[in-house]
Each structure stands twice: as C-alpha cells, then as structure tokens.
Amino acid sequence: MVADHQPDSAHGISEDTAPSVPLSIYPLAAFAGTRPPAPQWFTEAIDCSPQRSFVTIEGAAIETLSWGDAETPGIMLVHGYSAHAGWWRHIAPLLATDHHVVALSWSGMGGSDWRELYETACTSREIEGAMRAHGMLREGRRPLVVAHSMGGAPSIMLADRLGEALAGVMTLDSPLRIKARLRGLGKGRSASHARYANLADALARFRYHPPPRHDAPWIADLFARGGLAERQDGDGNTYWQWRFDPKALDKTEIAATANLIHTLRCPAVIAMAAQSNVMTARWRAEITQRMRADMPLITIDDCSHQILTDQPLALVAKLRQLIGTLFFLS
C-alpha cells in the first residue's frame with residue numbers, strides 16, 4: 001500500500017494496460033477543496049439524495065443507501081475494497097426510475113462498523129441481511145446483485161447460497177480467487193490513517209489504486225468526500241481521516257469462489273474492463289474456464305478496473321439491456 005487512500009485493492013496488474021491519457025496521481029489536488037465542475041447528468045444524479053439507514057448483522061452496524069420505490073424490483077449494489085456505498089451515488093439514481101436500488105458499505109468500509117476479522121462468508125451474509133432489511137427478498141421478490149472488484153467474491157457466494165431466490169448476479173472486473181487467501185494482504189503497512197487538518201488537505205491526498213483510464217475529478221470528489229469523516233482528538237481539535245479500517249487487508253480472509261460459478265442456480269454475468277489493470281490474462285483464462293456456456297462474458301470498452309469512474313453511463317446501459325434480456329427481476 002503506497003497511497004494515502006487506495007479505493008480499490010489490486011491483486012494483479014497487467015503491464016500492457018496503461019491509461020490512455022496522462023492522469024494526475026492525486027486528481028483533486030488542483031481543486032483546493034472545491035467541487036470540480038461536473039456534467040449535468042452527474043449533478044442531477046447525485047442531487048437525488050438516498051435514504052441512509054443501518055442494519056445490525058452479526059454484531060456490526062452496516063450502512064445502507066437506498067433509492068426508488070420499495071415496491072419495484074430490487075437491485076443490490078456492492079462496492080470494492082476501501083470504497084463505500086456512496087461509490088454508487090451517481091449510478092443508482094439512473095436505475096431507480098423503475099427499480100428499488102440499495103447499496104451497502106460492508107463492515108470495515110464507509111460508515112459501517114469494523115470487525116476483528118473480515119471473511120468472505122460474513123460479507124456475503126451482510127449483503128443478504130441488507131437485502132432482507134430492505135424487503136428485497138420477501139416472497140415474490142427476486143433481486144439482482146451487481147458487484148465491483150472485491151465485492152464480487154461475497155456476491156458469488158451469496159448467489160451460490162440463494163440460487164433461484166435471486167434474479168441473477170453480475171460481477172464487474174472481480175478477481176475471483178481459485179484458492180483461498182488468508183490474512184496479511186496489507187503486510188502490516190496500513191496500521192493507521194494519516195490525519196488532515198482540514199477537508200481540503202484530505203481531498204488532495206485521494207488517489208485511486210489502480211488508476212482509472214479517464215480523468216473525471218467530479219467522480220473522484222464524490223468518492224473522496226464520502227470516504228472521509230471529521231473527528232476530534234482528546235484536546236478537542238478537529239481533523240479529517242479516511243473512514244475505512246486501515247488494518248482491513250491484514251484482517252481479511254478471501255474465500256475461493258471461482259469454482260462456484262459453474263454451479264450457480266441463477267443467471268450470472270462476468271463483466272471485465274477492456275483495459276483492466278487488475279484482471280490479468282491468467283485470471284481471465286481461469287475464470288472463463290469455469291463458466292458455463294450459458295453465462296455471458298462481456299467486456300466494457302474503453303475503461304480500466306475503475307469502471308464506476310471510466311464508464312458509468314455505459315455500465316447503466318449494459319445493465320438495462322441485461323435486465324431486459326437475461327435478468328428478469330420481480
């Protein structure tokens with residue numbers, strides 16, 4: 001870990017997928033705490049404020065954001081490592097016109113409680129618990145789960161457990177593991193977060209890991225602001241700090257979920273970024289070998305691993321297409 005804030009942990013880097021244009025390592029540094037100019041669609045989307053609530057799952061308060069009518073078909077959105085539910089704030093409203101959309105911050109992330117140990121199975125139960133709390137799994141309901149990056153493993157495990165109770169699952173550039181990975185991914189280098197005297201200083205230190213392909217500082221600003229909290233020290237002085245558990249990688253055990261794909265009892269789509277800087281050729285080959293013939297493998301063009309930054313509108317369009325042709329939500 002080399003950044004002050006790394007919103008998505010990379011477990012493999014391709015050497016042939018450099019960004020198409022030079023990007024600033026710190027995309028918000030030049031804005032001195034002000035919000036970057038944004039396109040109209042983005043401004044209108046984030047103006048649709050979600051309902052924020054918490055559900056207690058296995059002793060931890062789990063943060064959820066929800067949009068839309070709870071009587072409409074459900075879509076559950078799952079973020080990646082060191083991100084939070086707010087990473088979907090520019091995307092969820094575009095789906096909420098005719099769907100009930102919920103995003104959660106899994107334990108250790110966003111506004112959710114931290115744990116002594118983070119296991120894929122526990123995160124999977126957090127997703128299910130959040131869905132049940134929002135009525136997405138009540139009788140007659142079959143929601144869709146969409147997961148980015150490290151959110152893919154617990155979502156696949158959830159789909160394996162719930163089967164036909166789901167309309168389907170879609171992973172976005174998720175490096176599903178062939179073998180389980182035990183604790184120690186952080187190698188002890190993330191014991192604590194830096195403290196920042198003001199919000200502007202904190203925002204200036206936000207950076208992606210791995211980097212996006214396109215420069216969209218208005219999206220980076222959304223992610224960064226949602227990932228920060230104002231705190232107070234023992235002397236009453238205020239400071240800003242990242243909200244996610246800095247020791248999470250050293251306390252995380254990632255289950256092997258790639259082998260579950262073949263036997264899923266609900267529709268599944270594996271989506272990969274065309275210029276992914278996480279999904280190596282080896283990983284792609286291993287995952288595709290485990291997919292059934294009826295499971296689409298799709299590529300989202302002109303984007304890196306950071307699909308939610310590089311191609312949010314293309315992602316929404318693809319989701320709507322799949323909802324009409326493969327995922328039949330109820």
Side-chain angles (χ1 to χ4, degrees), residues 35 37-53 55 63-80 83-105 110 127-128 130-148 151 155 158-159 165-172 214 216 218-223 225-226 266-269 271 296 298 300-303 306-330:
R35 296 182 186 272
Q40 183 175 351
W41 73 265
F42 176 87
T43 301
E44 292 176 352
I46 64 172
D47 281 346
C48 296
S49 298
Q51 292 186 338
R52 184 172 182 258
S53 59
V55 55
E63 176 186 41
T64 67
L65 304 179
S66 63
W67 298 258
D69 184 350
E71 297 305 314
T72 54
I75 301 176
M76 185 73 200
L77 303 175
V78 184
H79 62 77
H84 50 82
W87 273 54
W88 298 98
R89 280 195 56 198
H90 60 311
I91 291 174
L94 305 182
L95 299 168
T97 54
D98 45 8
H99 294 91
H100 179 207
V101 184
V102 176
L104 89 162
S105 299
I127 300 169
E128 180 179 354
M131 294 168 72
R132 293 194 183 280
H134 284 275
M136 288 182 151
L137 288 169
R138 66 183 186 270
E139 187 175 358
R141 298 292 184 182
R142 297 178 64 248
L144 168 66
V145 178
V146 180
H148 179 230
S155 298
L158 175 68
L166 297 180
V169 60
M170 180 178 183
T171 64
L172 306 173
H214 299 292
W218 53 91
I219 298 180
D221 183 81
L222 172 69
F223 296 167
R225 288 177 190 272
C266 66
V269 171
I298 67 172
I300 300 178
D301 294 332
D302 193 24
C303 68
Q306 304 296 352
I307 296 172
L308 307 189
T309 295
D310 283 335
Q311 293 295 344
L313 296 180
L315 174 59
V316 170
K318 179 57 68 174
L319 276 171
R320 288 198 170 279
Q321 177 189 354
L322 291 168
I323 288 170
T325 58
L326 179 67
F327 301 128
F328 297 102
L329 287 66
S330 58

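Being a predicted model, the structure only gives us computed values, none of them experimental.
Contact check for His134 versus Gln51: no side-chain heavy atoms found under the 4.5 Å cut-off. His214 has its side chain out of reach of Gln306: every pair of non-hydrogen atoms, C-beta onward, lies at least 4.5 Å apart. Side-chain contact between Val146 and Trp88: present, with at least one pair of heavy atoms (C-beta onward) separated by less than 4.5 Å. Proximity of Asp302 to Asp310: side-chain heavy atoms (C-beta onward) are nowhere separated by under 4.5 Å. The shortest distance between side-chain heavy atoms of Leu137 and Leu166 falls below 4.5 Å. A 4.5 Å side-chain heavy-atom check between Trp41 and Leu313 finds at least one atom pair inside the cut-off. With a 4.5 Å cut-off on side-chain heavy atoms, Trp87 and Leu77 do not count as touching.
Considering every non-hydrogen atom in both Gln40 and Glu44, the closest pair reads NE2-OE2, 2.7 Å. Of all heavy-atom pairs spanning Met136 and Val102, the tightest one is CE-CG2, 3.5 Å. Here the closest non-hydrogen pair linking Val269 and Phe327 is CG2-CZ, 3.6 Å. Shown here for Pro143 and Met131, the closest heavy-atom pair between the two residues is CG-CE, 3.2 Å. The minimum heavy-atom distance between Leu308 and His90, with the atom names listed, is O-NE2, 2.8 Å. Nearest heavy-atom pair, Ile219 versus Thr309, reported as atom, atom and distance to 0.1 Å: CD1-O, 3.6 Å.
His84 contributes a side-chain N or O that, together with a main-chain N or O of Phe223, makes up a donor-acceptor pair within less than 3.5 Å. His79 places no side-chain N or O within donor-acceptor distance of the main-chain N or O of Ala103, the cut-off being under 3.5 Å. Side chain of Arg89 to main chain of Gly86: no donor-acceptor pair is present (N/O by atom type, distance under 3.5 Å, no hydrogens or angles). Distance alone, capped at 3.5 Å, places no donor-acceptor pair between the Thr171 side chain and the Ala147 backbone. Remark: side-chain polar atoms of Arg142 are paired, donor with acceptor, to backbone N or O of Phe328 under 3.5 angstrom.
Atom CG in Leu172 sits 5.0 Å away from atom CD1 in Ile307 (nearest 0.5 Å). Atom-to-atom distance recorded for Ile300:CD1 and Gln311:CD is 8.0 Å, nearest 0.5 angstrom. From Leu322, atom CG reaches atom OG1 of Thr325 across 5.0 Å, with rounding to the nearest 0.5 Å. Atom-to-atom distance recorded for Leu315:CG and His148:NE2 is 9.0 Å, nearest 0.5 angstrom.
Ring pair Trp218/Phe42 is perpendicular by interplanar angle, where above 60° counts as perpendicular and below 30° as parallel.
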Worked verdict on Met76 versus Leu158 for side chain to side chain contact (heavy atoms under 4.5 Å, CB included) = CA-CA 12 Å; Met76 185 73 200; Leu158 175 68; over 6 Å; no
From CA spacing to verdict: side chain to side chain contact (heavy atoms under 4.5 Å, CB included), Asp69, His100 | CA-CA 5 Å; Asp69 184 350; His100 179 207; over 6 Å; no
Take Asp98 and Arg320 through the side chain to side chain contact (heavy atoms under 4.5 Å, CB included) test and state the conclusion after the steps.
-> CA-CA 11 Å; Asp98 45 8; Arg320 288 198 170 279; 3.3 Å; yes
Just do the side chain to side chain contact (heavy atoms under 4.5 Å, CB included) check on Ile298 and Gln321 with the steps written out, would you?
-> CA-CA 12 Å; Ile298 67 172; Gln321 177 189 354; over 6 Å; no
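Remark: Arg141 pairs with Glu71 by the salt bridge (charged side-chain N to carboxylate O under 4.0 Å, His left out) rule, at least two apart or across chains.
Using a 4.0 Å cut-off between charged side-chain N and carboxylate O, Lys318 and Asp301 make no salt bridge.
No option in Leu326, Leu319, Val169 other than Leu319 meets the side-chain contact (heavy atoms from CB on, under 4.5 Å) test with Leu144.
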